[in-house]
Amino acid sequence: MIEIERLTKRYGATTVVDDVSFRVEEGAIAVVVGTSGAGKSTLLRMINRLVAPSAGRVLVDGEDTMAIPEDALRHRIGYVIQGYGLFPHRTVAENIATVPRLLGWEKRRIAARVEELLDLFQLDPGEFAQKFPHQLSGGQQQRVGVARALAAKPALLLMDEPFGALDPVIRSRAQDDLLAIQRRLRTTVVLVTHDMNEAFHLGDRIAVMDRGRLLQYASPGELLLRPAEAFVEQLVGTAERPFRLLSLTKVGEALEPGHAEGEPILLSATLRDALSQLVWLGREALPVVDAAGAPAGRISIAQILRHGRALP
Amino acid sequence: MSRRAFVLRGLALLLFVAFVTAPQLFAFVFEPLAANRAPAIYNQGSLLALTLSHLRTVALATLASTVLAVALGILVTRPWGQEFLPLSRAIVNIGQTFPPVAVLAIAVPLVGFGEKPAFIALFLYGLLPIFENTLTGLTGVSPQTLEAAKGMGLNARQRLLQVELPLALPVILAGIRLSVIISLGTATIGSTVAAKGLGEVIIAGLQSNNLAFVLQGGLVVALMAVLIHDGLGLAERMAARKPGRHGGEAA
Amino acid sequence: MASLRASLSLDRVGAVIAVLIGVALTAAPFVTYRANRIVAGEGRMLADALPPAGVAAVVLAAIAAAACAALIRRPAIRLAAAALGLCAVFPAVGVSAGFVAPAGNGFARVSPALGFWLLALAFALLAADALMRLRLGPWVRLAALAAAGAAIALLLLSGAWADLSLMKEYAGRAESFWREARQHLWLALGSTGVACLVGLPLGMLGHRIRRLRTALLQVLNIVQTIPSIALFGILIAPLGYLAAHVPLAAALGIRGIGAAPAFVALFLYSLLPVVANTITGLGQVPAAVTDAARGMGMSARQRLVEVELPLALPVILAGIRIALVQNLGMATIAALIGGGGFGTFVFQGIGQTAIDLVLLGAIPTVALSFAAAILLDALIDLTQRGAHDRD
Ligand SMILES: Nc1ncnc2c1ncn2[C@@H]1O[C@H](COP(=O)(O)OP(=O)(O)OP(=O)(O)O)[C@@H](O)[C@H]1O
Ligand SMILES: [Mg+2]
């Protein structure tokens with residue numbers, strides 16, 4: 001768990017982060033969004049003290065970060081940046097081993113951990129361990145960057161536009177991978193992005209920043225239904241709103257009893273996917289099955305539309 | 001240019017001119033160094049004449065090397081000279097491992113003492129930096145720029161004169177400056193082969209064991225080199241600042 | 001049709017080299033003969049300079065090399081042709097010295113003449129062109145350097161060149177030659193070494209502190225501008241003062257005239273490349289990399305030693321290469337102020353207009369600079385581990 005309390009950063013007369021407070025629960029993903037220059041990176045970098053706060057404090061698991069020696073604090077917090085900052089003179093294995101080595105882990109333990117992480121990120125250790133970063137594709141470099149940040153099993157992971165340099169296909173795969181791994185390791189994540197789709201896809205909670213101020217910190221649904229300011233509404237995108245809302249809801253929540261003809265839809269799919277399928281096939285309703293394939297009911301366009309409204 | 005730098009430059013130039021035209025004014029500075037009632041100020045010739053002949057040798061040699069080096073640089077970057085490019089680079093690399101004094105020394109037995117060996121050494125050694133920078137400048141022009149020029153219907157000659165050379169100019173000028181500085185030094189050593197130049201003062205001091213000569217010769221040559229280096233740098237920045245050209249390589 | 005033309009088309013570089021070889025064989029004397037050290041020489045064309053078998057060998061090798069140069073584009077074959085040519089003319093000039101000089105005449109001098117130099121130049125150009133096109137790896141280049149060194153050593157030790165004027169100059173001065181060689185190396189390597197010891201920390205400081213960086217580079221730029229002999233002259237006065245007034249300095253062998261001002265001047269000259277390249281190299285380390293290193297909790301020392309210095313190393317080594325090559329050449333000037341080194345022979349040779357004596361000083365100097373350049377270039381390539389995406 002991480003608590004940010006009245007955090008402020010000033011450079012001379014300009015305040016780039018202005019009295020920001022919020023809290024990220026254990027194992028949750030908080031996404032920070034906002035326009036360029038809003039102070040997102042500065043906020044993130046104050047958490048691992050790469051930037052010294054002008055006022056306010058950060059608590060990690062209840063402990064004030066100022067009470068922990070700077071380097072020791074950073075050993076406990078994973079950090080991924082845009083461009084990844086892989087060490088070009090070190091192999092993939094050596095890059096991933098950086099923090100465990102700084103912590104003085106045993107050689108054998110480090111080797112085992114590197115292999116485990118390479119497996120986790122679907123990079124064949126035999127093929128990739130001894131490669132240099134310049135021999136990897138952008139997507140592979142990104143995975144090595146995240147693997148390196150997770151090497152010493154940090155409870156907290158900070159990510160500054162980690163997918164910014166990837167093409168759309170690779171990016172959405174990398175997002176899914178991150179979600180899967182995060183769910184498995186229960187790591188708390190604070191992630192900065194420009195991309196609203198990414199924010200809605202990944203965030204348990206979303207923090208909207210503008211000119212150093214935190215405008216709203218809420219769940220994705222709340223952000224859509226009750227934007228705190230005009231700026232938030234604009235950032236979320238008025239045309240996209242209903243579809244975003246639908247993609248937050250699972251088919252299971254809009255299930256109707258009964259039968260329908262056609263290709264069945266999974267219970268765990270989002271309403272957005274279901275609507276897309278219905279429109280594409282030109283049907284009013286489709287059958288729904290659970291993961292095992294057993295029929296669970298049906299889903300209809302009318303029912304879906306009811307879930308995409310501002311006022312239910 | 002900041003005001004202070006401007007004043008500093010002016011003072012240095014004034015000091016240099018004053019010294020070579022009226023060195024006796026500075027006799028008091030060097031007197032303590034001249035042992036055994038030796039003269040404190042160089043008395044075997046006029047400093048002004050030496051300075052002028054030093055500068056003339058350097059100017060002529062640099063002019064000659066510039067013409068040849070730029071021409072060669074253009075030649076090996078044209079399509080029909082391209083085959084010479086790798087070899088040219090090798091020659092530049094190898095040539096720069098030759099100390100200038102070796103070129104000077106080898107020229108003497110071939111052409112005798114005097115201005116000739118100095119001129120040959122200055123000319124040959126001065127070619128390298130200019131040639132190298134011409135290559136760098138001309139091969140450094142971005143392919144997109146050239147493609148655009150081609151697309152606008154400029155022929156090879158127009159591309160060279162209107163696009164490539166103007167873009168390469170700051171780099172070529174930097175090469176000329178480097179060449180001038182090396183030549184100033186080589187011309188100083190040229191005094192050992194009886195070329196007229198300021199090195200004479202230092203050599204005379206060394207031969208007659210007169211520290212006053214050695215020091216004043218050293219200071220005059222150093223001051224002249226620094227002033228010229230600085231002046232050429234200034235000229236380069238002016239050339240680079242010409243409208244429509246952003247950011248030459250300011251040293 | 002097109003392929004036929006391509007395969008028969010003349011290689012322009014090769015054609016120039018072939019013409020050079022032709023001129024050298026037909027229009028320039030191969031060696032110069034002088035009755036004694038001082039008198040003017042007379043040129044001997046190749047046909048009169050060697051026994052018939054030798055003439056045939058040199059001509060055949062030269063023509064073969066010229067043909068390869070002009071007609072064959074495969075760099076490996078051209079390199080072999082260049083090697084063949086060099087292997088023919090280098091021993092031949094030694095044989096020629098024994099052949100041309102009348103037997104038993106100890107005063108007669110034979111030295112290589114324009115024809116020999118042109119042939120050597122042509123083969124060297126052919127080799128350089130081939131090597132540039134082959135783009136050999138660092139280890140192969142080092143091996144080639146070692147092989148060339150071994151071949152020259154073999155020629156020297158076997159006595160094949162013993163009759164050449166140059167070697168006669170050496171024979172009369174063997175002892176002082178090696179003394180000056182040691183002095184030359186000590187001046188050049190020692191001053192570069194001290195410049196590294198001082199320049200690296202200075203560069204690291206300059207990288208951190210902006211104001212220091214500007215001032216440092218400005219001052220060192222001015223020092224670099226001052227001609228060597230002028231800087232020697234300027235340093236003689238203060239060092240002389242030091243020697244006269246500080247007993248310790250005098251005890252250390254510091255004197256106004258001699259090696260001390262030369263050493264100090266060379267040190268000052270080499271400071272600029274070392275410092276400037278250290279600053280550039282450290283400045284080139286990508287910001288994302290240092291940021292990541294900091295974010296992972298590396299201390300300032302760990303970042304410097306494990307990340308910044310290894311990444312800056314190729315650029316720093318490039319600075320050391322510049323400094324070393326420059327100092328090896330500039331150390332010749334030390335002889336003017338009594339500092340010794342190979343320049344001693346150069347300036348003696350100028351005084352006596354004895355070109356062989358000049359060459360006795362100049363050739364080892366050039367060879368040393370050349371070897372140092374190849375060695376450090378290879379080292380730079382070897383240290384670019386994992387940084388290939390930069391080029
Ligand atoms: N070291 C610094 N000194 C002065 N101003 C700074 C410094 N670092 C950041 N700033 C300013 O603080 C503001 C916020 O910067 P920050 O990098 O946090 O923005 P951001 O939200 O991450 O933007 P982006 O989306 O473009 O990455 C910017 O206006 C920036 O110019
Ligand atoms: Mg940012």
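Per chain, numbering begins at 1; letters A, B, ... match sequence-line order.
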If you check every heavy atom in residues 346-356 of chain C against those of chain B, which residues fall under 4.5 Å?
C/V346, C/F347, C/I350, C/T353, C/I355

Less than 4.5 Å to any heavy atom of chain C: does that hold for the side chain of B/Q216, its backbone, both, or neither?
neither

CD1 of B/I182 to OG of C/S228, rounded to nearest 0.5 Å, is 11.0 Å

Hey, which of C/I234, C/L328, C/I337, C/D129 has the most heavy atom pairs under 4.5 Å with chain B?
C/I234

B/F213 versus chain C, the contacting section by heavy-atom distance below 4.5 Å:
neither

Take a 6.0 Å sphere around OH of C/Y269 and say whether it holds more than 12 heavy atoms from other residues, nucleotides or ligands.
yes

Any side-chain heavy-atom pair from C/V325 and B/Q96 closer than 4.5 angstrom?
no

Contacting moiety of C/V358, where chain B heavy atoms sit under 4.5 Å:
side chain

So which part of C/I229 gets closer than 4.5 Å to some heavy atom of chain B, the side chain, the backbone, both or neither?
both

Mind checking whether C/I222 and B/D230 have side chains closer than 4.5 Å, heavy atoms only?
no

With side chains defined as the heavy atoms from C-beta onward, is the minimum distance between C/I236 and B/L215 less than 4.5 Å?
no

Identify which part of B/I203 has an atom lying under 4.5 Å from any heavy atom of chain C, answering side chain, backbone, both or neither.
side chain

Go through the atoms of B/L211 and report whether side chain, backbone, both or neither lie under 4.5 Å from a heavy atom of chain C.
side chain

Is it the backbone or the side chain of B/L206 that comes under 4.5 Å from a heavy atom of chain C, or both, or neither?
side chain

Please check if the number of heavy atoms outside B/F16 that lie under 6.0 Å from its CZ is greater than 12.
yes

Answer yes or no: is there a side-chain heavy-atom contact under 4.5 Å between B/L184 and C/T225?
no

Could you report the tightest heavy-atom contact between C/R12 and B/W80, atom names first, then the distance?
NH1-O, 3.0 Å

Tell me which of these, B/A90, B/A105, B/A102, has more heavy-atom pairs under 4.5 Å with chain C than the rest.
B/A105

d(B/L219 CG, C/I226 CD1) to nearest 0.5 Å is 8.5 Å

C/L121 CG to B/I91 CD1 distance, which is reported to the nearest 0.5 Å:
7.5 Å

CZ of C/R74: more than 12 outside heavy atoms within 6.0 angstrom?
no

Which distance, rounded to the nearest 0.5 Å, do you find between the CD1 of B/I202 and the CG of C/L336?
9.5 Å

Under 4.5 Å from any heavy atom of chain C, what part of B/L104 do you find: side chain, backbone, both or neither?
neither

Locate the shortest heavy-atom distance separating B/A222 from C/A230; write the atom from each residue and the value.
N-CB, 4.3 Å

Side chain, backbone, both or neither: which part of C/V223 has a heavy atom under 4.5 Å from chain B?
neither

Residue part contacting chain B, namely of C/L359, when any heavy atom lies under 4.5 Å:
side chain

Is C/R133 close to chain B through its backbone or its side chain, or both, or neither, when contacts mean heavy atoms under 4.5 Å?
side chain

Under a 4.5 Å cutoff for heavy-atom pairs, which residue among B/T192, B/V108, B/T188 has the most contacts with chain C?
B/T192

